[in-house]
Amino acid sequence: MRVAMVGAGYVGLVSGACFAEFGTDVCIVDTDAGKIDALRAGRIPIYEPGLDKLVEENARDGRLTFTTELEQAVRGADAVFLAVGTPTRRGDGHADLTYVYAAAEQVAKAASGPLVLVTKSTVPVGTGQEVLRIVRRARPDLAISVASNPEFLREGSAIGDFMRPDRVVIGVEEGPSGERAAAVLRRLYRPLNLIEVPILTTRLETAELIKYAANAFLATKITFINEIANLCERVGADVHDVARGMGLDGRIGRKFLHAGPGYGGSCFPKDTLALARTAQDYGAPVRLVETTIAVNEARKAEMAERVIAACGGSVAGKAVAVLGLTFKPETDDMRDAPSLVVVPRLVEAGATVRAFDPQPAHARRVLSGAVGFCDSALEAAKGAHALVLLTEWNEFRALSPEKLKATMAGNVLLDLRNVYDPETMREAGFHYISVGR
């Protein structure tokens, strides 16, 4: 089979490389010539564990190619995937579908034969039907089937998620055209039959809503345990034990019950907001999701105030070390990261912030001027009056409490991810503050 992937961003690059690993011929197309040149030279524009090797091996074997020419990419393709951005639209919170619709029309005009046009980007309900109208208007002479195949990739473990997914969701239009699309996609995902991955075939609208509903539920779960953490602090309970007791209930499950400074990233903030706006437009508001959004935003601001309170009510003239800036470990993604709220607030309050993150490329761009970037955790901690752990990179777990304490000028440690053992840190001389304990 031959596949074209429109968009060389996170979703497009990971999905394209993984399809190539399945044995499919994949051509990734992007309008950014610099990005395509870098990929041809073996330079990966994003950080994702294992992706560089996967791209290198499949490019070397000829299964994975890159181009800026759309006609070249779609020529002879059985399926063309749209993996372009759907950012939050400025002003109203809806997903901006400009890139999706433009790419759909361009693919239709560039196509030389029948194909399946698949939306891989996260899009709200009704997008597939609009794409269908666009391609039929652009090419009434050509049999183009439209499908939805939402991605469920977690940054930091995206390759494993693609190769060993919980499920594959395929949304198609009704009738023979949809049946053809479903057959092509089931064939494309056939390698997953060996591990008996469930493949769920639905209507277009159902597939589009599954992705939003799943992300909104997980975001709600995170926000719920964060509010329970606040209650734990008031009553003397331990949120770790509460979460474990909850998670052992098979109806609830243990994942996404880790208290912290709030969720961020490329999916949860954007998708919860888009779902809430779509639901409002259809007269079926999702009040629980709306509250989740509000509580999560307040959570990030609250974390900054906790740091200030721990420093005696003022950080003016004090040095604060921040470990971890990305929204989660094993990624360089800074989108809606808690650090984007916490760090500017500390600077505004008069603190000098020195930070270390193992993947600082994006952080350096978005926090330029606000932060002094360091080359190690110990360098960031040197002379600091307080240290804040914002992202739970594994290398931070291995830091010697004694060395950390000896490096600092003060003893305040705010463990906003509950990484460290409280007793151990207190024995090392820290004024240790965690979340929900």
Side-chain angles (χ1 to χ4, degrees), residues 47 88 90 226 230 259-266 268-269 293-329 331-393 395-396 399 404-405 407-420 430-435:
Y47 175 75
T88 298
R90 190 170 297 176
N226 280 340
N230 286 344
Y263 61 76
S266 61
F268 288 178
I293 294 166
V295 171
N296 187 66
E297 287 307 302
R299 179 75 174 177
K300 296 175 186 178
E302 179 193 333
M303 293 300 105
E305 298 308 318
R306 286 193 182 203
V307 177
I308 295 171
C311 292
S314 174
V315 290
K318 295 181 179 178
V320 178
V322 175
L323 300 188
L325 296 167
T326 55
F327 88 95
K328 64 179 286 189
T331 181
D332 59 357
D333 199 336
M334 287 293 293
R335 284 173 286 186
D336 282 290
S339 64
L340 296 178
V341 175
V342 174
V343 170
R345 175 67 186 101
L346 295 177
V347 173
E348 179 186 299
T352 299
V353 178
R354 291 160 52 84
F356 169 69
D357 191 283
Q359 291 295 327
H362 290 174
R364 286 182 183 275
R365 286 198 290 271
V366 298
L367 288 172
S368 176
V371 175
F373 285 88
C374 301
D375 294 326
S376 71
L378 288 178
E379 182 186 341
K382 187 175 182 180
H385 298 92
L387 185 144
V388 183
L389 182 80
L390 263 182
T391 312
E392 66 276 31
W393 287 87
E395 65 183 79
F396 298 156
L399 288 171
L404 203 58
K405 176 63 176 61
T407 302
M408 294 173 60
N411 71 337
V412 175
L413 170 57
L414 290 102
D415 182 2
L416 301 185
R417 295 288 185 175
N418 289 343
V419 165
Y420 301 119
F430 282 106
H431 173 48
Y432 177 81
I433 302 169
S434 59
V435 175

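Computation of the quantities below employed the complete heavy-atom set of this structure, encompassing side-chain atoms and omitting hydrogens, waters and symmetry-equivalent molecules. Everything numeric in this text was worked out from a predicted model, so none of it was measured.
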Approximate separation, where rounding is to 0.5 Å, of L323 CG and L404 CG: 7.0 Å

With rounding to the nearest 0.5 angstrom, report the CE to NE2 distance, M408 to H385. 9.0 Å

Evaluation steps, side chain to side chain contact (heavy atoms under 4.5 Å, CB included), between D336 and F268: CA-CA 9 Å; D336 282 290; F268 288 178; over 6 Å; no

Can you name the closest pair of heavy atoms from A351 and V320 and give their distance? CB-CG2, 4.0 Å

Partner residues of D333 under the salt bridge (charged side-chain N to carboxylate O under 4.0 Å, His left out) criterion, sequence neighbours left out: R335

Heavy atoms of W393 and T331 approach each other most closely as CZ2-O, 3.4 Å

For E379, check salt bridge (charged side-chain N to carboxylate O under 4.0 Å, His left out) against everything at least two apart and list the hits. none

Tightest non-hydrogen contact, residues V315 and A349, listed as CG2-CB, 3.5 Å

Can you tell me if Y47 uses its side chain to pair, donor with acceptor, with the backbone of A361 under 3.5 Å? no

Decide yes or no for L390 and V342: does some side-chain heavy atom of the first lie under 4.5 Å from some side-chain heavy atom of the second? yes

Quick one: list whatever passes ring pair (Phe, Tyr, Trp, His ring centres under 6.0 Å) with F327, sequence neighbours left out. none

Could you tell me which non-hydrogen atom of A370 sits nearest to which non-hydrogen atom of V347, and how far apart they are? O-CG2, 3.4 Å

K328: salt bridge (charged side-chain N to carboxylate O under 4.0 Å, His left out) partners, not counting sequence neighbours: none

Decide yes or no for P329 and R417: does some side-chain heavy atom of the first lie under 4.5 Å from some side-chain heavy atom of the second? no

For I293, side chain to side chain contact (heavy atoms under 4.5 Å, CB included) partners two or more places apart: Y263, T272, L273, A276, V289

The salt bridge (charged side-chain N to carboxylate O under 4.0 Å, His left out) partners of E305 (sequence neighbours excluded) come to R345

Any idea which heavy atoms bring S339 and P344 closest together, and the distance? O-CD, 3.4 Å

For A316, is there any backbone N or O sitting under 3.5 Å from a side-chain donor or acceptor partner on S314? yes

Could you tell me if the side chain of N230 sits less than 4.5 Å from the side chain of E302, heavy atoms only? yes

Hey, could you give me the CG/CG distance between L325 and D332, rounded to the nearest 0.5 Å? 12.0 Å

Roughly how far apart are E392 CD and L416 CG, rounded to 0.5 Å? 10.5 Å

For V295 and N226, what are the C-alpha separation, side-chain angles and deciding distance, and is it a side chain to side chain contact (heavy atoms under 4.5 Å, CB included)? CA-CA 9 Å; V295 171; N226 280 340; over 6 Å; no

In Å, rounded to the nearest 0.5 Å, how long is the span from CG of D415 to CG of L387? 9.5 Å

Measure from the side-chain N and O atoms of K300 to the backbone N and O of L340, and report whether any donor-acceptor pair falls under 3.5 Å. no

Do P358 and F396 touch side chain to side chain, with heavy atoms closer than 4.5 Å? yes

Hey, is the main chain of G262 close enough, under 3.5 Å, to the side chain of N296 for a donor-acceptor pair? no

Working to the nearest 0.5 Å, report the span between CE of M334 and OG1 of T326. 7.0 Å

Here the pair of heavy atoms bringing A381 nearest to A321 is CA-CB, 3.8 Å

Side chains of P338 and M303, heavy atoms from C-beta outward: is any pair under 4.5 Å? no

